[in-house]
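Residue numbering restarts at 1 for every chain, and letters A, B, ... go by the order of the sequence lines. When reading the values below, keep in mind they use all heavy atoms of this one structure, side chains included, and skip hydrogens, waters and symmetry mates.
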Amino acid sequence: MPPEQFQQKILAWFDEHGRKDLPWQQDINPYRVWVSEIMLQQTQVASVIDYFNRFMARFPNVRSLADAELDEVLQHWAGLGYYARARNLHKTAQRVAANQGRFPQTVEDLSALPGIGRSTAGAILSIACGQSQSILDGNVKRVLARFHAVHGWPGDSKVTAQLWTISSQYTPGQRTGDYTQAMMDLGATLCTRSKPRCEICPVINGCQAYRLDLVNQLPEPKPRKTLPVKRLLFLVLQDKQKRILLERRPPAGIWGGLWSLPEFADRQQLQDWCLQHGYQLNEPDALPGLRHSFSHYHLDYTPLLATLQNPINCVMEADSPVWYKANDVYSLGLPAPIKRLLQQHYLEEHYDENG
DNA sequence: AAACCGGGGCA
DNA sequence: TGCCCAGGTTT
């Protein structure tokens, strides 16, 4: 989609559906836009409104903010979090006040101020100063990553650079302030991280992620440095003939379709399961915990050893569990950690029998 | 329980 | 240059 058409659709959507009655969209000036942008970096629109109004009532202009005690600024920030930003706000107000209250009018000079980066500078200059400058906040990153089907994590420097290029290509020469607000609004309300409302998006026609059915895959998440850990219990349940209970796993997911030991998130789940199946167990012995690592997570599991007290009513249903003797287990194609666990178990059993 | 957010600060 | 951080909200 050519940039002119993209801009026209975005601006038409903004005219019809965009929010235009937010407090910082009234009496627009660099000071109000700056404060609102800093607040909006960390908090949703709905909660920022009250903070912004109270902040403006107490610090109506950059001079009043510069002259205030830091403690009072922090008090008005209390509850927003990221308190370093309130300190930066105060420091920057003092620098701007020292410049006769005039904000720098270039991205370079603006972003030299504490707490103002390239994107915030672009927002201030486009919204409050009528300049044609691009932004790239989290919302716009998501919109553009999807629109151009940009793979990779947007926080990666190469991906960020790519997205800045795209952002510049689409930024209009006219009505840039409205366009900036529209893009942030679109990302916040339609092109959301989960459950995006593509069916009412003004630029669905040109959206590559939509065309390729990648909307839910893009933007890609931050690569995990440490793999997540899942914890569960495996039940080694033995009957009086020393057979072990095995279940067939569901066809999808890890070890799909393989035989395995019954697994539980916790002991309560185990109890419920026993009740459901009419199994009466002695109190299970927990063996030392073990770890099995997959490419995408670590599985920390605790084997529980228990003995069945009551005889089994053998129900021959399609997905009923089976009881297997030691030797049969090995021919069954078990997941490696389960196989190891059972081998270990039988070795110990054997050892016990022989004293 | 973990991702997210834009910029600062440090190796 | 790249990594970690803050801290409240969302998923």
Side-chain angles (χ1 to χ4, degrees), chain A residues 24 33-52 55 70 73-96 103-104 107-127 133-146 152-164 167 180-181 183-197 215-232 265-266 296-300:
Chain A
W24 47 91
V33 171
W34 167 54
V35 172
S36 71
E37 285 300 320
I38 302 299
M39 287 185 172
L40 287 164
Q41 282 171 11
Q42 61 208 355
T43 313
Q44 308 211 124
V45 167
S47 0
V48 165
I49 291 174
D50 284 346
Y51 278 96
F52 182 82
F55 202 90
L70 176 59
V73 180
L74 288 169
Q75 279 168 29
H76 281 76
W77 204 264
L80 274 176
Y82 285 101
Y83 299 97
R85 295 177 191 216
R87 293 175 213 281
N88 284 336
L89 212 62
H90 192 228
K91 207 182 292 174
T92 287
Q94 293 179 333
R95 295 222 197 147
V96 173
F103 280 79
V107 170
E108 194 189 353
D109 292 347
L110 255 185
S111 50
L113 293 169
I116 300 181
R118 181 174 171 188
S119 184
T120 304
I124 295 169
L125 291 177
S126 63
I127 295 171
Q133 298 290 352
S134 310
I135 63 158
L136 192 65
D137 73 350
N139 285 320
V140 175
K141 278 182 180 171
R142 188 170 53 253
V143 172
L144 295 179
R146 282 177 174 158
W153 176 52
D156 177 274
S157 55
K158 298 194 80 169
V159 177
T160 300
Q162 202 180 340
L163 291 171
W164 267 114
S167 178
T180 294
Q181 304 220 29
M183 289 293 283
M184 295 191 292
D185 228 15
L186 191 78
T189 61
L190 296 191
C191 198
T192 47
R193 185 151 62 98
S194 58
K195 299 182 187 172
R197 303 176 64 190
V215 172
N216 292 316
Q217 277 64 55
L218 297 177
E220 290 178 14
K222 178 193 175 87
R224 297 263 185 88
K225 53 174 188 297
T226 55
L227 296 175
V229 179
K230 298 190 186 186
R231 292 183 174 78
L232 47 81
D266 50 40
H296 50 313
Y297 64 91
H298 299 292
L299 181 64
D300 283 357

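- Taking the C1' atom of each, dG8(B) and dT9(C) are spaced 22 Å apart, rounded to whole Å.
- Between Trp34(A) and Leu89(A), some side-chain heavy-atom pair lies under the 4.5 Å cut-off.
- Across the interface with DNA chain B, nearest-nucleotide mapping of Trp153(A) and Ala121(A) shows Trp153(A) to be the residue nearer the 5′ end.
- Judged by closest nucleotide on DNA chain C, Tyr83(A) is the one of Ser194(A) and Tyr83(A) placed further toward the 5' end.
- If you take CD of Gln44(A) and P of dC5(B), they are 12 Å apart, rounded to a whole angstrom.
- At whole-Å resolution of the value, CD in Glu220(A) and P in dA2(B) are 21 Å apart.
- Taking the P atoms as reference points, dA11(B) lies 16 Å from dA6(C), given to the whole Å.
- From Thr192(A), atom OG1 reaches atom CZ of Arg197(A) across 8.5 Å, with rounding to the nearest 0.5 Å.
- Each of dG7(C), dC4(B), dG7(B) was ranked by its minimum atom distance to the side chain of Tyr82(A); first place goes to dG7(C).
- Regarding Lys91(A), its NZ atom lies at a distance of 10 Å from the P atom of dG8(B), rounded to whole Å.
- Of the inter-residue distances, the one linking Arg142(A) atom CZ with Asp137(A) atom CG reads 8.5 Å to the nearest 0.5 angstrom.
- Whole-Å rounding puts the Leu110(A) CG to dG7(B) P distance at 11 Å.
- Following rounding to the nearest Å, Ile116(A) (CD1) and dG9(B) (P) show an atom-to-atom distance of 14 Å.
- Taking atom CG on Asp156(A) and atom P on dT1(C), their separation rounds to 13 Å, with Å as the unit.
- When rounded to the nearest whole Å, the span between CD of Gln41(A) and C1' of dT10(C) equals 18 Å.
- The shortest distance between side-chain heavy atoms of Trp164(A) and Ser134(A) falls below 4.5 Å.
- Mapping Arg193(A) and Gly81(A) onto DNA chain C by nearest heavy atom places Gly81(A) closer to the 5' end of the strand.
- Each of dG7(B), dG2(C), dC4(B) was ranked by its minimum atom distance to the side chain of Ser157(A); first place goes to dG2(C).
- Rounding to the nearest 0.5 Å places OG of Ser126(A) at 7.5 Å from CD of Gln133(A).
- Note on Leu113(A): only backbone sugar-phosphate atoms sit closer than 4.0 angstrom, heavy atoms only; bases stay farther off.
- Summarising the geometry, the separation between CZ on Arg142(A) and P on dT10(C) is reported as 13 Å, rounded to the nearest angstrom.
- Phosphate contact (OP1/OP2 of dG7(B), side-chain N/O of Ser119(A), threshold under 4.0 Å): absent.
- At the phosphate of dG8(C), neither OP1 nor OP2 sits under 4.0 Å from any side-chain N or O atom of Thr43(A).
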